[in-house]
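Below is one structure; the comments refer to it alone.
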Amino acid sequence: MRFSNLFCPTLKEVPKDADVISHQLLQRAGFIKKLASGIYTLLPLGLKVCKKVEQIVREELSKGNAQELMMPMVCPSSLWKKSERWDKYGKELLRFKDRQENEYCLGPTHEEVVTDLIAQNLKSYKQLPLCLYQITTKFRDEVRPRFGLMRGREFVMKDAYSFHESKEDLNRYYEKMRDIYEKIFKRCQLKFSVVTADSGTIGGSDSAEFMVLAKNGEDAIVTCKASNISCNREAFSFPEPQTAISDKNIKVTKHHTPGITSIEELSKKLQYAANECVKLLVYMSDEQAKAVLVRGDHQINEIKLKKFLKATHLRLATDKEIKNIVGLDCGYLGPYKFPQNIPLIADFSIKTMTKMLIGANEKEYHYTNITREQLNIQHYADLRFPVEGENSPFKKESTLTFHRGIEVGHIFKLGSIYAQKLHASFLDKEAKQQPVQMGCYGIGIGRTVAAAIEQSHDEKGIIWPKAIAPFQAVIIITSMKNETLCQAAEELYKICIEKKMDILIDDRHISAGVKFKDADLIGIPLQIIVGKGFLEKQTFEYCYRETSIKKHGDQKEIMRVLQET
RNA sequence: CGGGGUGUAGCGCAGUCUGGUCAGCGCACCUGUUUUGGGUACAGGGGGCCGUAGGUUCAAAUCCUAUCACCCCGACCA
């Protein structure tokens, strides 16, 4: 490729709409251009890097006997209604109608389409196992798109779906896919960690996320080193603790607390630690009120709560609803003498409390020294997020540590939920009809590219891992007016092209300084400089982007170095 | 969805409070000279009816109203 011919608009200044480094550099180095919020054009270099990642993905997946296909982006609502996700998926599913007033959505993922495809064609166990995948543009109308390619609304994703005659075979393939994913991200030269995850809207049982460790990551990873557990913060589960024996010698005290409604203020005023306070939150679970108790220093994990309640829609009750139900404004709600028609559900941690501070269900009053026995708690469950630095529930001596990560891959065991809803079944060896067992496996291609930059850059620009760099090397001609230099560079370039190397030659009629700056910004791993060294000694200079180490060599040596990379 | 902010040339910004020599700066771009190993220097030049639509006024980038777009924070701590 000739730079003089390349559409690569680089910028000196940081675009004002970008504040994470990958987003800034992708724009500055001419890889992407924003069209609308969360919607980007991949410019030639951006596309080139994506293709390199895709190629790695294709090569590794084919080792797992996965076959590539391409499903439509536009999906009729009927399939989504069958799977019940037309209602469950929410606003992220972009819906619209055609001229016949038929409803459609833009596919955010393709379980429905692929399961339907299989339902229509699967007959016998002899056709299994089977794995199909595609690398296509998905659309999710994100609540808040941000960070460029890291959380766009339109994005390129590889999604694979596997089909099996038994759970055992699904388990076997899931493990295989985990290995394939590890190989893919290793080949992309990323530092990542595999963590236990929640399966979210996709549904299913086991799932694991592949997290690229980076400080700008949107996900929190919780680790207990001693027990070798690494988990998405959302999916960290606590075992049921032993019930503590309440302090029977203490007396309930009522306190007048006008204007004091926050845990922080209360614990200060009444000399009660935040972890001795209990807060009560009213949720609407499919429009049924539920009261949830959690310790003052804890946060409710709504994913867990939703699962526990088996709710389709879950939200906090509005102030108005609370007033209707309890007859009280927020701030003084408490579980003692709470309206009996609303079930009280408490987080496991409440079990370990010997006394507590709660709202009095009376304006401007709180109680202290309440014990669990005085409350009519109907259920205990694991409902909260872990807290950074708290003791591990698995190993006493160990604490929980937190890291940030970018979720670049996610694998799930779906089981037969989609198969049942979309009637994908087959005849087994005993001629019995069985629903097919499914797994699904995603990789965010654009997100992987962004994650690579988050992990590898400096003040000068991107430092691409060799495996996914847009070019192996760039040949820089320091002066286009010097014919000797041009000839030498062109000859080298010609040899590279003949050897099918992916090389850029910077033949622009501009000063050498600009060429160096652009090469650094774009992040090409190796710069080959044809300049004064050549005029003096007929040698080329080569410089590694990552280390800035400069060396000299003749054409033979350059070819050797290039073969290595 | 709530709060905050920003829309002026391809990019980054000043000008808006206090309406009138206000269509401006830097980078980028074009021409010429210069320079030729880390965004050379000088000279000249092209490009925007100031997000959009109304309104107020003799006069609007500037004031008012509406609207659109984009960005940030939050969207559970009772």
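Lettering follows sequence order; numbering is per chain, from 1.
Applying the Watson-Crick and G-U wobble criteria (two distances, each under 3.5 Å), B:rG2 pairs with B:rC73. Pair assignment for B:rG39 gives none, since no Watson-Crick or G-U wobble pairing has each distance under 3.5 Å. Pair assignment for B:rA60 gives none, since no Watson-Crick or G-U wobble pairing has each distance under 3.5 Å. Pairing for B:rG7 is with B:rC68, a Watson-Crick or G-U wobble pair whose two hydrogen-bonding atom distances lie under 3.5 Å. Pairing for B:rU16 is absent, judged as Watson-Crick or G-U wobble with the two contacts each under 3.5 Å. The partner of B:rG44 is B:rC30, judged by Watson-Crick or G-U wobble contacts that both fall below 3.5 Å. Pairing for B:rC50 is absent, judged as Watson-Crick or G-U wobble with the two contacts each under 3.5 Å.
The distance between atom CZ of A:Phe147 and atom C1' of B:rC70, rounded to the nearest whole Å, is 16 Å. Put simply, NE2 on A:His509 is 12 Å from P on B:rU31, counting in whole angstrom units. As rounded to whole Å, 17 Å separates atom C1' of B:rC76 from atom CZ of A:Arg295. Taking atom CE of residue A:Met284 and atom C1' of nucleotide B:rC76, one finds them 16 Å apart after rounding to whole Å. Atom CG of A:Leu11 and atom P of B:rG26 are 19 Å apart (whole Å). Remark: C1' of B:rG7 and NZ of A:Lys34 are 12 Å apart, rounded to the nearest angstrom. In this structure, the CD atom of A:Glu13 is 6 Å from the C1' atom of B:rC11, given to the nearest Å.
Taking the six-membered ring for Trp and the full ring otherwise, the centers of A:Phe385 and A:His298 sit at least 6.0 Å from each other. For A:Phe236 and A:Phe238, the gap between ring centers is short of 6.0 Å.
Relative ring orientation between A:His379 and A:Phe308 is described as perpendicular, the plane-to-plane angle rising above 60° on a 0-90° scale split at 30° and 60°. Between A:Tyr89 and A:Trp80, the ring-plane angle classifies as perpendicular under the 30° and 60° cut-offs.
Residue contacts shown for A:Asn482 are absent, as no nucleic acid heavy atom lies under 4.0 Å away. Contact annotation for A:Ile263: backbone-only contact, meaning every heavy-atom pair under 4.0 Å involves sugar-phosphate atoms and none involves a base.
A cation-pi arrangement, defined by a distance under 6.0 Å to the six-membered ring centre and an angle within 45 degrees of its axis, is absent between A:Lys306 and A:Tyr283.
B:rG48 and B:rA43 are spaced 24 Å apart, taking the C1' atom of each and rounding to whole Å. Atom P of B:rG4 sits at a distance of 46 Å from the matching atom of B:rG45, rounded to the whole Å. Comparing the C1' positions of B:rA23 and B:rU65 gives an interatomic distance of 26 Å, to the nearest angstrom. Rounded to the nearest Å, the gap between the P atom of B:rG12 and that of B:rC72 is 14 Å. Taking atom C1' in both B:rA66 and B:rU56, one finds a spacing of 15 Å when rounded to whole Å. Atom P of B:rA28 sits at a distance of 37 Å from the matching atom of B:rG74, rounded to the whole Å. B:rG46 and B:rU36 have their P atoms separated by 30 Å, with the value rounded to a whole Å. Taking atom C1' on both B:rG54 and B:rU31, the two are 44 Å apart, rounded to the nearest angstrom.
For the segment residues 339-372 of chain A, no residue has any heavy atom less than 4.0 angstrom from an atom of RNA chain B.
B:rU35 takes the syn form, because its glycosidic angle lies no more than 90° either side of 0.
Remark: the A:Thr368 side chain and the A:His255 side chain contain an N/O donor-acceptor pair separated by less than 3.5 Å.
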Indicate every side-chain donor-acceptor pair of residues 36-44 of chain A with a distance under 3.5 Å to a residue at least two apart or in another chain.
from    : atom 1 : to      : atom 2 : distance (Å)
A:Tyr40 : OH     : A:His23 : NE2    : 3.0

Taking only distance into account, with no hydrogens and no angle test, what donor-acceptor pairs under 3.5 Å do side-chain atoms of residues 511-525 of chain A form with protein atoms, sequence neighbours excluded?
from     : atom 1 : to       : atom 2 : distance (Å)
A:Lys515 : NZ     : A:Ile477 : O      : 2.8
A:Lys515 : NZ     : A:Asp506 : O      : 3.1
A:Lys515 : NZ     : A:Arg508 : O      : 2.8
A:Asp518 : OD1    : A:Thr10  : OG1    : 3.2
A:Asp518 : OD2    : A:Arg508 : NH1    : 3.1
A:Asp518 : OD2    : A:Arg508 : NH2    : 3.0
A:Asp520 : OD1    : A:Gln527 : NE2    : 2.7

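Comment: A:Glu557 engages A:Arg560 in a salt bridge, judged by a side-chain N to carboxylate O separation of less than 4.0 angstrom. Salt bridge status for A:Asp347 with A:Arg295: absent, with no side-chain N to carboxylate O gap under 4.0 Å.
Taking 4.5 Å as the limit, some side-chain heavy atom of A:Phe338 sits within range of a side-chain heavy atom of A:Asn361. A:Glu321 places none of its side-chain heavy atoms less than 4.5 Å from the side chain of A:Leu316. When side chains are defined from C-beta on, A:Gln555 counts as touching A:Ile495, because their heavy atoms get closer than 4.5 Å.
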N/O contacts under 3.5 Å, protein versus nucleotides 1-6 of chain B?
from  : atom 1 : to      : atom 2 : distance (Å)
B:rU6 : O2'    : A:Lys16 : NZ     : 3.4

Could you run down the sub-3.5 Å N/O contacts of the protein with nucleotides 33-37 of chain B?
from   : atom 1 : to       : atom 2 : distance (Å)
B:rU36 : O4     : A:Lys481 : NZ     : 2.6
B:rG37 : N7     : A:Lys532 : N      : 3.4
B:rG37 : O6     : A:Lys532 : N      : 3.1
B:rG37 : N1     : A:Glu541 : OE1    : 2.8
B:rG37 : N2     : A:Glu541 : OE1    : 2.9
B:rG37 : N2     : A:Glu541 : OE2    : 2.7

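Both A:Pro15 and A:Gln527 lie close to RNA chain B; mapped to their nearest nucleotides by heavy-atom distance, the more 5′-ward contact belongs to A:Pro15. Summary of the strand contacts: A:Pro145 and A:Leu521 both lie near RNA chain B, and taking for each the nucleotide with the nearest heavy atom, the more 5' one is attributed to A:Leu521.
By the ring pair (Phe, Tyr, Trp, His ring centres under 6.0 Å) test, A:Phe540 is found to be paired with A:Phe534, residues two or more places apart in sequence or in another chain being considered.
Closest to the side chain of A:Tyr283, from the set B:rG12, B:rC70, B:rC76, is B:rC76.
Within the 4.0 Å cut-off from OP1 or OP2 of B:rA28, at least one side-chain nitrogen or oxygen of A:Lys12 is found.
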